Amino acid sequence: LPGAPVALDVSKQRIRLDLRGGGQVELVKDVRYFPDYGGKSVGIAGVDISGRKQQFILHRGQFESESTFKDLRGFLEVYR
């Protein structure tokens, strides 16, 4: 899907997602992180620069290694 995220840039002020279709989304307000109880996926929701609410689900298989996915979950704990 063209709206599927392929890259993430996480900081304390925002989350930038690069999309498969070539676009970018920056979540800058009301950013929330929702971990999965099984540890196989995470959800990210927030408001982008234009004021639209966006939400994305990232699965463990989208990342090149298990350690990368665990590191991402650690970085996203700020938004919990």
Side-chain angles (χ1 to χ4, degrees):
L1 296 172
V6 293
L8 261 81
D9 180 25
V10 179
S11 71
K12 290 188 178 188
Q13 292 81 23
R14 62 160 178 78
I15 296 177
R16 189 183 79 222
L17 297 109
D18 296 335
L19 305 179
R20 184 179 304 271
Q24 286 185 346
V25 174
E26 282 194 47
L27 302 177
V28 294
K29 187 176 178 186
D30 298 330
V31 179
R32 296 291 311 237
Y33 159 65
F34 303 97
D36 167 343
Y37 291 113
K40 295 182 180 182
S41 62
V42 297
I44 300 171
V47 178
D48 65 6
I49 294 173
S50 64
R52 290 185 8 198
K53 185 165 177 112
Q54 303 275 340
Q55 56 188 13
F56 299 95
I57 297 175
L58 304 167
H59 300 281
R60 182 174 57 194
Q62 288 179 265
F63 297 90
E64 62 265 1
S65 69
E66 180 73 28
S67 64
T68 305
F69 183 70
K70 286 184 180 181
D71 290 343
L72 173 69
R73 288 180 63 163
F75 291 136
L76 291 174
E77 283 293 324
V78 173
Y79 296 109
R80 196 163 192 191

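Everything quoted here is computed from the prediction, not taken from an experiment.
Other residues sharing a hydrophobic cluster with Val28 under the 4.5 Å side-chain heavy-atom criterion for ILVMFWY residues are Ile49.
Taking 4.5 Å as the limit, every side-chain heavy atom of Arg32 sits out of range of all side-chain heavy atoms of Asp30. Inter-residue side-chain proximity for Ile44 and Phe34 is flagged as unmet; no heavy-atom pair is nearer than 4.5 Å. Under the 4.5 Å side-chain criterion, counting only non-hydrogen atoms from C-beta, Val47 is not in contact with Leu27. Side-chain atoms of Asp48 and Glu26, non-hydrogen and from C-beta on, never get closer than 4.5 Å to each other. Here the side chains of Tyr33 and Val42 are in contact, with some heavy-atom distance below 4.5 Å.
More than 12 non-hydrogen atoms from other residues, nucleotides or ligands lie less than 6.0 angstrom from CD of Gln24.
In terms of heavy-atom proximity, Leu58 sits nearest to Pro5 at CD2-CG, 3.4 Å. The minimum heavy-atom distance linking Gly39 with Phe69 is given by the pair O-CE2, 3.3 Å. Pairing each heavy atom of His59 with each of Ser41, the nearest pair is ND1-CB, 3.6 Å. Between Ile15 and Val31 the shortest heavy-atom distance is CD1-CG1, 3.6 Å.
One distance of note links CG of Leu17 with CG of Leu8; it measures 4.5 Å at 0.5 Å rounding. Asp71 contributes atom CG, which lies 7.5 Å from atom OG of Ser65 (distance to the nearest 0.5 angstrom). If you take CD1 on Ile57 and NZ on Lys40, they are separated by 15.0 Å, rounding to the nearest 0.5 Å.
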Just list the side-chain donor-acceptor pairs under 3.5 Å for residues 73-80, sequence neighbours left out, or say none.
residue: Tyr79; atom: OH; partner: Ser11; partner atom: O; Å: 2.2
residue: Tyr79; atom: OH; partner: Lys12; partner atom: O; Å: 3.3
residue: Tyr79; atom: OH; partner: Arg14; partner atom: N; Å: 3.4
residue: Tyr79; atom: OH; partner: Arg14; partner atom: O; Å: 3.4

